[in-house]
Number of protein chains: 2
Amino acid sequence: MRADARRNYERLLTEAGAAFGEKGTEASLEDIAKAAGVGVGTLYRHFPTRQDLILAVLRDRFEAMAATARDLTFDDPGRALRAWLLAQLHHITATRGLTAELAVAVNNPESPLHGQCEALFSVSADLLAKAKETGAVRPDLTQPDLATIVHGIAWSCESDPVRQERLLDLFLEGVLV
Amino acid sequence: MRADARRNYERLLTEAGAAFGEKGTEASLEDIAKAAGVGVGTLYRHFPTRQDLILAVLRDRFEAMAATARDLTFDDPGRALRAWLLAQLHHITATRGLTAELAVAVNNPESPLHGQCEALFSVSADLLAKAKETGAVRPDLTQPDLATIVHGIAWSCESDPVRQERLLDLFLEGVLV
DNA sequence: GCATAAGCGGAGGCAGCCTCCGTATATTTA
DNA sequence: TAAATATACGGAGGCTGCCTCCGCTTATGC
């Protein structure tokens, strides 16, 4: 790839992330191109469809999430699991505007991002298995349960991390006495 | 309101509900007008903005939900609360495509639908108070907690009522042992 | 039946989507 | 270093959907 092409690609990705975060996935692609200082033609050559652009932005975010996962410490399995779920919440919130797309990627095996999801799933699955071994969580809990509820919580109070954390704890601890 | 106007209004509402359910809130308004057998002008006179149309559709759904609430039986408070949350899940699922709008109405006091939400909130609040009295739920649980988690669950597995019910029960019972 | 208030509908201006292709520039080669 | 060429750029233009405006139509009251 030519140097100018790579440069434009990066700038488009940056501006797209900002625009999607501000205005949601319906942000004008012409505006994104303008913000990146290129013509629409260039945008469409790099990202033939809006979906391609969205996916490219998400791919970046997945990297960040995978990095977080690698840095997790594994003292108490129950606490480790909670920490990981909380980290996911923060990442999803940082991906404001794309939460719905993220959820599609997670739930739909057809998604081109599903492969990257798998890596994160396996982190969840490992932590979950450890937590089950030590009896920290109920044995019928599954990794998809966790993925789904985390996305549900992240989406339903997208702009309020405090409430997200509260709902996560309610979920973990239960509501019925 | 003239008879023909009322007729067109109703038909537009019906078609809009169908279109939003099928294609989401971005469904073409011209298509909706066509499906209802009227010109776009008529659609825009009745519903000056897309938002107005969405809100009108939701208003209908709220009525249905309020009716469900009135029919609730109040034997065991814990069970009654669960039944009400489950009923909400079903209604939100039936409002497929508008879940996000619904959540906005619930969370944003500025929304023109917030008034109708209040009626439903008070049902939740009553059931919640009763459940607390009998010690069926933890005392720090709030009505907004419930509203938010229900929407999160409904949204995160929009098309799978079985998983919705499972997640609701996980939430109620808790995950940590 | 007529007058008129109320309602209808689609033409048209505008914005954003996406394609296409002439122009410009990075890279390779001699 | 300069020519050759592969690669990339960018915006004009066709298209679709949004929304407004206003001349035409029709229900309703007298």
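Throughout, protein chains are lettered first and strands after them, A, B, ... in sequence-line order, and every chain is numbered starting at 1. Values below: all heavy atoms of this structure, side chains included; hydrogens, waters and symmetry mates excluded. Everything numeric in this text was worked out from a predicted model, so none of it was measured.
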Peer 1: Can you check the A:Arg6 CZ to D:dC9 C1' distance for me, whole Å?
Peer 2: 17 Å
Peer 1: Just checking A:Val38: base, sugar-phosphate only, or nothing, at a heavy-atom cut-off of under 4.0 Å?
Peer 2: sugar-phosphate
Peer 1: Does a side-chain N or O from A:Tyr44 land closer than 4.0 Å to OP1 or OP2 of C:dC18, or not?
Peer 2: yes
Peer 1: So, does A:Asn8 get its side chain near the phosphate of D:dA8, meaning an N or O under 4.0 Å from OP1 or OP2?
Peer 2: no
Peer 1: How long is the line joining CG of A:Leu43 and P of C:dC18, in whole Å?
Peer 2: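 Going from A:Leu43 (CG) to C:dC18 (P), I get 10 Å.
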Peer 1: Between A:Thr25 and A:Glu101, do the side chains contain a donor N or O and an acceptor N or O under 3.5 Å apart?
Peer 2: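 There is no such pair between these side chains.
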Peer 1: Whole Å only: how far is the CG atom of A:Asp52 from the P atom of C:dC17?
Peer 2: 15 Å
Peer 1: Which residues within residues 22-37 of chain A lie with some heavy atom under 4.0 Å of an atom in DNA chain C?
Peer 2: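 A:Ala27, A:Ser28, A:Leu29, A:Glu30 - these, ordered by number, are the residues of the stretch whose heavy atoms sit under 4.0 Å from the strand.
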Peer 1: Could you label the plane-to-plane angle of the A:Tyr9 and A:His46 rings as parallel, tilted or perpendicular, counting under 30° as parallel and over 60° as perpendicular?
Peer 2: perpendicular
Peer 1: When the distance from CZ of A:Phe47 to P of D:dG10 is rounded to whole Å, what number comes out?
Peer 2: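 Going from A:Phe47 (CZ) to D:dG10 (P), I get 14 Å.
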Peer 1: Report the distance from atom CD of A:Gln51 to atom P of C:dC17, rounded to the nearest whole Å.
Peer 2: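 Rounded to whole Å, this separation is 14 Å.
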Peer 1: Give each protein N/O atom lying under 3.5 Å from an N/O atom of nucleotides 23-26 of chain D, with the pair distance.
Peer 2:
unit_1 : atom_1 : unit_2 : atom_2 : d
D:dT26 : O2     : B:Arg2 : NH1    : 3.2

Peer 1: Is the phosphate of D:dG10, meaning OP1 or OP2, less than 4.0 Å from a side-chain N or O of A:Thr42?
Peer 2: yes
Peer 1: Have a look at A:Arg45 and say if it touches a base, only the backbone sugar-phosphate, or nothing, with a 4.0 Å heavy-atom cut-off.
Peer 2: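 The residue A:Arg45 makes base contact.
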Peer 1: What I want to check is whether the side chains of A:Glu110 and A:His114 have a donor and an acceptor closer together than 3.5 Å.
Peer 2: no
Peer 1: Is it the case that B:Thr49 and B:Asp52 place a side-chain donor and acceptor less than 3.5 Å from each other?
Peer 2: yes
Peer 1: Please round to the nearest 0.5 Å and tell me the distance separating atom CG of B:Asp126 and atom CG of B:Leu81.
Peer 2: 11.0 Å
Peer 1: Assuming nearest nucleotide by heavy-atom distance, tell me which of B:Arg7 and B:Gly41 is located more 5' along DNA chain D.
Peer 2: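 Its nearest nucleotide lies further toward 5', so the answer is B:Gly41.
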Peer 1: Please evaluate residues B:Glu158 and B:Thr99 with respect to the criterion side chain to side chain donor-acceptor pair (under 3.5 Å), reporting the C-alpha separation (whole Å), side-chain torsions for both, the decisive distance (0.1 Å), and the verdict.
Peer 2: CA-CA 9 Å; B:Glu158 208 171 18; B:Thr99 311; 2.8 Å; yes
Peer 1: What distance do B:Ile92 atom CD1 and B:Ile153 atom CD1 have between them, rounded to the nearest 0.5 Å?
Peer 2: 9.5 Å
Peer 1: State whether A:His46 places a side-chain N or O below 4.0 Å from either non-bridging phosphate oxygen (OP1 or OP2) of D:dC9.
Peer 2: yes
Peer 1: Going by heavy atoms in the side chains, are A:Phe47 and A:Leu55 under 4.5 Å from each other?
Peer 2: no
Peer 1: Judged by modelled atom types alone, do A:Ser111 and A:Asn108 share a side-chain donor-acceptor pair under 3.5 Å?
Peer 2: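 Checked: A:Ser111/A:Asn108 side chains show no N/O donor-acceptor pair below 3.5 Å.
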